[in-house]
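Contents: one structure, followed by commentary.
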There are 2 protein chains.
Amino acid sequence: MTETSRETEQALHLYRVFSRAYRSVTEHSLRDIKSHGLHPTEFAVLELLYHKGPQPLQQIGASILLASGSVTYVIDKLEKNGMLIREPCPKDRRVTHATLTQKGRSLMEQIFPTHAEVIRLAVSGLDEQEKKQAIALLRKLGTEAAKRLK
Amino acid sequence: MTETSRETEQALHLYRVFSRAYRSVTEHSLRDIKSHGLHPTEFAVLELLYHKGPQPLQQIGASILLASGSVTYVIDKLEKNGMLIREPCPKDRRVTHATLTQKGRSLMEQIFPTHAEVIRLAVSGLDEQEKKQAIALLRKLGTEAAKRLK
DNA sequence: CATAATTATCTCGAATTCAAAATATACGAA
DNA sequence: TTCGTATATTTTGAATTCGAGATAATTATG
């Protein structure tokens with residue numbers, strides 16, 4: 001028989017509940033994104049630029065956890081679709097910034113409110129107090145987990 | 001300016017904290033899995049069979065959310081590596097069961113305790129009481145989100 | 001200034017995934 | 001039985017991702 005401490009059992013239990021919940025919640029988001037003819041990664045890039053403004057490609061990869069080769073691929077596609085343009089950085093010629101075009105911004109202005117509403121519904125199983133608790137717990141959990149990754 | 005209700009703001013905030021926490025926690029798991037030369041999907045299949053015993057391929061896909069074509073692909077690979085075998089179901093000839101070989105079972109016996117310990121550490125940012133709260137909140141969140149997917 | 005080390009991006013090939021179509025089997029109804 | 005529908009698996013082709021290596025530009029060091 002395998003020896004597993006009660007603490008470990010509880011940790012595994014939390015991990016499973018966490019994963020299942022994550023899948024169910026993100027499924028709402030994914031369906032909405034797909035319904036607009038976008039892929040999750042494309043949406044993530046557009047959302048980042050929409051909220052944070054022009055970003056170096058490197059930053060984009062770091063923010064949404066994408067390998068550099070994949071960043072090139074997604075940015076290529078979005079640029080071909082006219083959603084954004086590449087702009088060379090004048091201060092550092094190694095760097096390229098991605099900037100939303102008017103078309104890209106319009107798209108996000110059109111779909112983001114709906115998307116926010118989908119997210120609101122997806123997490124509406126918790127009331128305001130519970131959401132507050134969940135935020136505090138998840139923030140702590142995530143921060144500590146990130147620390148231990150170094 | 002975009003009108004967004006306070007509730008929606010809170011929901012988006014929860015979603016972001018949730019996603020970040022999930023990435024940090026799962027990164028622990030992914031690194032451990034990789035360190036054993038396995039891919040996440042392969043590990044998921046092995047873990048399922050290890051804990052639940054032989055399963056129809058269809059069940060495997062349903063459990064770990066994998067398209068049927070991908071199931072065939074992963075099972076092929078694991079079978080070639082000698083981790084499992086396919087066994088035709090005598091009662092229903094459409095069905096194939098995947099069963100761990102001794103080699104596959106030994107591998108899991110060897111790596112699962114370590115993996116459990118990695119998970120324990122990954123979520124150790126919360127104490128026992130907090131884990132209990134998190135489990136309750138995440139279960140509720142996940143269950144309600146799943147309901148709304150129908 | 002010259003060289004080494006670092007950083008940002010892109011290219012290329014391999015691996016994994018999905019979706020749709022093909023195949024085989026099971027099951028219910030006429 | 002026979003037909004039609006449903007289910008399980010495999011096949012196929014396209015899309016996305018990663019990792020490693022190449023290139024170019026910057027920064028640090030002597």
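Every chain is numbered from 1 and lettered A, B, ... according to where its sequence line falls, protein lines coming before strand lines. Treat the numbers as computed from the prediction; the structure is a model and nothing was measured.
Between C:dC10, C:dT16, D:dT11, one nucleotide has an atom nearer to the side chain of B:Tyr73 than all others, and that is C:dT16. The nucleotide whose nearest atom lies closest to any side-chain atom of A:Lys77 is, among D:dT16, C:dT17, C:dC10, D:dT16.
Residues A:Ser29 and A:Phe43 have side chains not in contact (no heavy-atom distance under 4.5 Å, counting atoms from C-beta outward). In this structure the side chain of B:Val71 never reaches within 4.5 angstrom of the side chain of B:Ile64, judged on heavy atoms.
One can place CD of B:Gln59 at 14 Å from P of D:dT7, the figure rounded to the nearest angstrom. Rounded to an integer number of Å, the gap from CD of B:Gln58 to C1' of D:dT10 is 14 Å. Taking atom CD1 of B:Ile60 as the reference point, atom P of D:dT10 lies 10 Å away to the nearest angstrom. Computed from coordinates, the A:Leu57 CG to D:dA24 P distance equals 18 Å when rounded to whole Å. The distance from atom CD1 of B:Ile75 to atom P of D:dA8 is 15 Å, rounded to the nearest whole Å. As a whole-Å value, the separation of A:Gln55 CD from C:dT9 C1' is 16 Å. With rounding to whole Å, B:Leu30 atom CG is found 14 Å from C:dT16 atom P. Between A:Glu87 atom CD and C:dT9 atom P there is a gap of 14 Å when expressed in whole angstrom units.
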| message | Does the protein touch nucleotides 18-27 of chain C at the base, only the backbone, or not at all? Give it as B, S and - per nucleotide, heavy atoms under 4.0 Å. | response | BS-----BS-

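Side-chain nitrogen and oxygen atoms of A:His39 include at least one within less than 4.0 Å of the OP1 or OP2 phosphate oxygen of D:dT16. Side-chain N/O atoms of A:Thr41 include one lying less than 4.0 angstrom from OP1 or OP2 on D:dT17.
Annotation: ring-ring contact (aromatic ring centres under 6.0 Å, His included) contacts involving residues 51-110 of chain A, sequence neighbours excluded, comprise A:His51-A:Phe112.
If you chain together hydrophobic residues whose side chains sit under 4.5 Å apart, B:Val74 and B:Leu30 never meet in one group.
Salt bridge status for B:Asp76 with B:Arg86: present, with a side-chain N to carboxylate O gap under 4.0 Å. Between B:Glu144 and B:Arg148, at least one side-chain nitrogen of the basic residue sits less than 4.0 Å from a carboxylate oxygen of the acidic one, meeting the salt-bridge criterion. Ionic pairing of B:Lys132 and B:Glu128 is not present here: no N-O contact between side-chain nitrogen and carboxylate oxygen is shorter than 4.0 angstrom.
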